[in-house]
2 protein chains.
Amino acid sequence: MSSAPERATPRSRGKAARAPLNRDAIVTAALAEIDAKGLEGLSMRRLGSALGVEAMALYHHFPSKGELLDGVMERLLAEAELPPSGSMPALERLRTFVRSYRQIAIRHPHAFVLLAVRRFNTEAAFALYERILDALDEAGFDAVHSARLFRLIGYYASGAGLAEIASRSQEPDATPVHLETFSDRQRFPRVAAVARYLRANSLDAVFEFGLDLLFDEIRKQAAVGKRGREAGSGE
Amino acid sequence: MSSAPERATPRSRGKAARAPLNRDAIVTAALAEIDAKGLEGLSMRRLGSALGVEAMALYHHFPSKGELLDGVMERLLAEAELPPSGSMPALERLRTFVRSYRQIAIRHPHAFVLLAVRRFNTEAAFALYERILDALDEAGFDAVHSARLFRLIGYYASGAGLAEIASRSQEPDATPVHLETFSDRQRFPRVAAVARYLRANSLDAVFEFGLDLLFDEIRKQAAVGKRGREAGSGE
DNA sequence: ACCTGAACACCGTTCAAGT
DNA sequence: ACCTGAACACCGTTCAAGT
């Protein structure tokens with residue numbers, strides 16, 4: 001989805017007649033590059049030549065690689081789905097959000113690391129925060145509990161996404177022991193016994209289990225103690 | 001506390017009379033470098049000169065920077081505390097583990113990212129898995145539920161650790177909007193209302209809240225449905 | 001306004017050589 | 001066995017210059 005970069009001239013096929021760059025087009029190319037070659041595979045020089053331009057041209061649109069990566073984060077975040085108020089109960093909307101957040105990791109395993117590691121400091125991130133906190137408010141939670149559940153949901157979504165990446169992708173330069181194929185029953189019998197349920201193809205079930213557990217508890221909290229149940233050590 | 005690197009000669013003070021390098025000493029220096037200057041600040045060249053050696057000497061002990069980073073991960077993991085069986089109830093031991101895992105993030109904010117982003121493929125990681133799964137077994141869970149709770153606990157621990165990093169450290173190259181000082185009540189009123197409970201100094205309370213919520217639910221599962229309650233879609 | 005070219009100060013890693 | 005030196009193929013970014 002999201003905005004397609006507009007081509008100014010109809011004759012933009014040779015690199016001579018290229019339309020002028022813009023931030024959207026650069027972010028699109030950067031995400032494609034990361035998806036294809038990994039986060040380490042993105043360099044300003046390679047990105048430039050993918051766009052038919054010298055690397056230094058990019059600095060006219062982004063002051064640094066860091067801000068370009070923030071742009072990629074915003075693009076990823078735009079793939080998160082939080083249904084509008086009224087379409088379904090608040091907690092169901094949040095559940096949908098967490099599911100869609102995990103899907104970002106599955107669709108963009110290399111780029112998702114950015115969401116886990118870099119600060120969310122962009123406008124789009126704050127707009128998303130606002131909507132999540134709105135849903136928690138709608139579910140009846142006060143500021144203290146909204147903050148706590150916001151964090152809890154975030155921890156789970158982030159951890160689940162990272163687990164997808166770790167389970168499905170291979171770090172080529174790492175020590176060669178693999179959970180997927182693990183079977184040393186002598187030394188790690190418990191790991192061997194459980195390994196088959198830890199594999200990547202079990203992650204869907206594991207994720208839904210955890211999500212149910214979390215939201216069951218959240219629902220209970222919403223029904224019982226919400227609004228005004230102070231619980232110390234706020235600041 | 002882990003092994004101190006042995007100095008072979010008593011007269012090792014000039015760089016001429018340096019004791020021969022070993023993996024432990026290199027990992028110690030690498031972690032110190034990461035703690036001091038961040039993950040991007042670690043280069044084989046700088047690490048070499050910190051050890052009084054050419055960068056290329058390190059390749060005699062580690063085949064690549066990736067395997068060195070695996071060594072740093074093992075060192076970090078050694079700081080995780082999982083009390084021995086019998087010292088306290090199994091679920092309390094796991095709770096202690098999650099708390100200590102978060103402390104790794106607080107002590108080593110830059111290096112912790114490695115634990116979140118790289119695969120755990122080392123011996124030490126598998127040994128830790130084994131002990132966690134042992135505790136879950138002791139608490140009465142079968143293989144399916146052990147796997148699910150193993151993941152759930154991992155997601156929470158990982159997410160909580162990353163939140164510590166994101167909240168406390170500053171990415172200098174990022175877009176300059178900060179939650180810590182946020183107060184745009186016009187555009188993001190809910191964020192503004194909750195911001196004070198999302199700040200870094202609230203994270204202790206938030207973490208303990210989530211931990212209680214998680215382990216309350218885990219305890220209930222252990223009491224009721226454990227051992228043999230199959231729940232579909234295993235493989 | 002938008003982009004280029006050269007340069008600066010770096011990277012990880014290979015490879016042959018030294019002791 | 002352990003380390004060095006030179007080299008290769010890269011980096012992000014600055015700066016002056018071009019159109």
Side-chain angles (χ1 to χ4, degrees), chain A residues 5-9 12 14-27 29-30 33-34 36-72 110 114 117-118 171-175, chain B residues 5-9 12 14-27 29-30 33-34 36-72 110 114 117-118 171-175:
Chain A
E6 62 270 60
R7 287 275 136 93
T9 61
S12 60
K15 60 165 53 180
R18 205 186 22 72
L21 280 179
N22 58 64
R23 289 173 62 106
D24 257 17
I26 293 172
V27 167
E33 197 81 358
I34 293 170
K37 330 231 173 177
L39 212 43
E40 315 288 83
L42 178 74
S43 81
M44 299 300 267
R45 286 165 144 96
R46 276 159 49 93
L47 181 56
S49 75
L51 288 160
V53 108
E54 292 296 313
M56 313 320 151
L58 303 173
Y59 286 88
H60 207 278
H61 304 272
F62 292 94
S64 69
K65 190 182 183 182
E67 295 222 16
L68 169 55
L69 292 176
D70 280 349
V72 174
H110 299 299
L114 294 171
V117 157
R118 292 180 65 84
E171 279 281 348
D173 57 358
T175 314
Chain B
E6 62 270 59
R7 288 274 134 95
T9 61
S12 61
K15 60 165 55 180
R18 208 186 19 75
L21 280 180
N22 58 64
R23 290 172 62 105
D24 257 16
I26 293 172
V27 167
E33 196 80 0
I34 294 168
K37 330 227 173 180
L39 212 43
E40 314 289 83
L42 178 73
S43 82
M44 298 301 268
R45 286 165 143 97
R46 276 159 48 94
L47 181 57
S49 75
L51 287 160
V53 106
E54 292 296 313
M56 315 318 153
L58 303 173
Y59 286 88
H60 207 276
H61 303 272
F62 292 93
S64 68
K65 190 182 182 183
E67 296 224 17
L68 170 55
L69 292 177
D70 280 348
V72 174
H110 299 299
L114 294 171
V117 158
R118 292 180 66 83
E171 281 280 348
D173 56 358
T175 314

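In what follows, every chain begins at residue 1, and chains take the letters A, B, ... in the order their sequences are listed. These numbers were taken from a predicted model, which means no experiment stands behind them.
- B:Leu42 comes within 4.0 angstrom of the backbone, heavy atoms only, and of no base.
- When each of B:Ser43 and A:His61 is assigned the nucleotide of DNA chain C bearing its nearest heavy atom, the one mapping closer to the 5' terminus is A:His61.
- In this structure, B:Leu69 atom CG and C:dG12 atom P are separated by 10 Å, rounded to whole Å.
- Mapping B:Ala55 and A:Ala55 onto DNA chain D by nearest heavy atom places B:Ala55 closer to the 5' end of the strand.
- Atom CE of A:Met44 and atom P of C:dT4 are 13 Å apart (whole Å).
- Distance, B:Glu54 CD to D:dA7 C1': 14 Å, rounded to whole Å.
- Here the side chain of A:Arg45 is nearest to one of C:dG5, C:dT13, D:dG12, namely D:dG12.
- For the pair A:Leu58 CG and D:dT14 P, the interatomic distance rounds to 14 Å; values are reported in whole Å.
- Within the 4.5 Å cutoff, the side chain of B:Leu69 has heavy atoms near those of the B:Leu42 side chain.
- The listed nucleotides are C:dG12, D:dT13, D:dC2; the one nearest the side chain of B:Pro20 is D:dC2.
- Put simply, CG on A:Leu68 is 10 Å from P on D:dG12, counting in whole angstrom units.
- Taking 4.5 Å as the limit, every side-chain heavy atom of B:Phe62 sits out of range of all side-chain heavy atoms of B:Asp70.
- Taking only side-chain atoms of B:Met56, from C-beta outward, the nucleotide of D:dT4, C:dA1, C:dT4 with the closest atom is D:dT4.
- Contact between B:Ala55 and B:Arg45 at its shortest, heavy atoms only, is CB-CA, 3.5 Å.
- Of all non-hydrogen atoms in A:Leu21 and A:His61, the two that sit nearest each other are O-CE1, 3.1 Å.
- Looking at every heavy atom in both residues, A:Val72 comes nearest to A:Ala30 through CG2-CB, 3.9 Å.
- For the pair B:Leu47 CG and C:dC11 P, the interatomic distance rounds to 11 Å; values are reported in whole Å.
- Closest to the side chain of B:Arg46, from the set D:dT14, C:dC11, C:dC3, is C:dC11.
- Base pairing of D:dG5: its partner is C:dC15, meeting the Watson-Crick or G-U wobble criterion (both donor-acceptor distances under 3.5 Å).
- Computed from coordinates, the A:His60 NE2 to D:dA17 C1' distance equals 13 Å when rounded to whole Å.
- With rounding to whole Å, B:Leu51 atom CG is found 11 Å from D:dT4 atom P.
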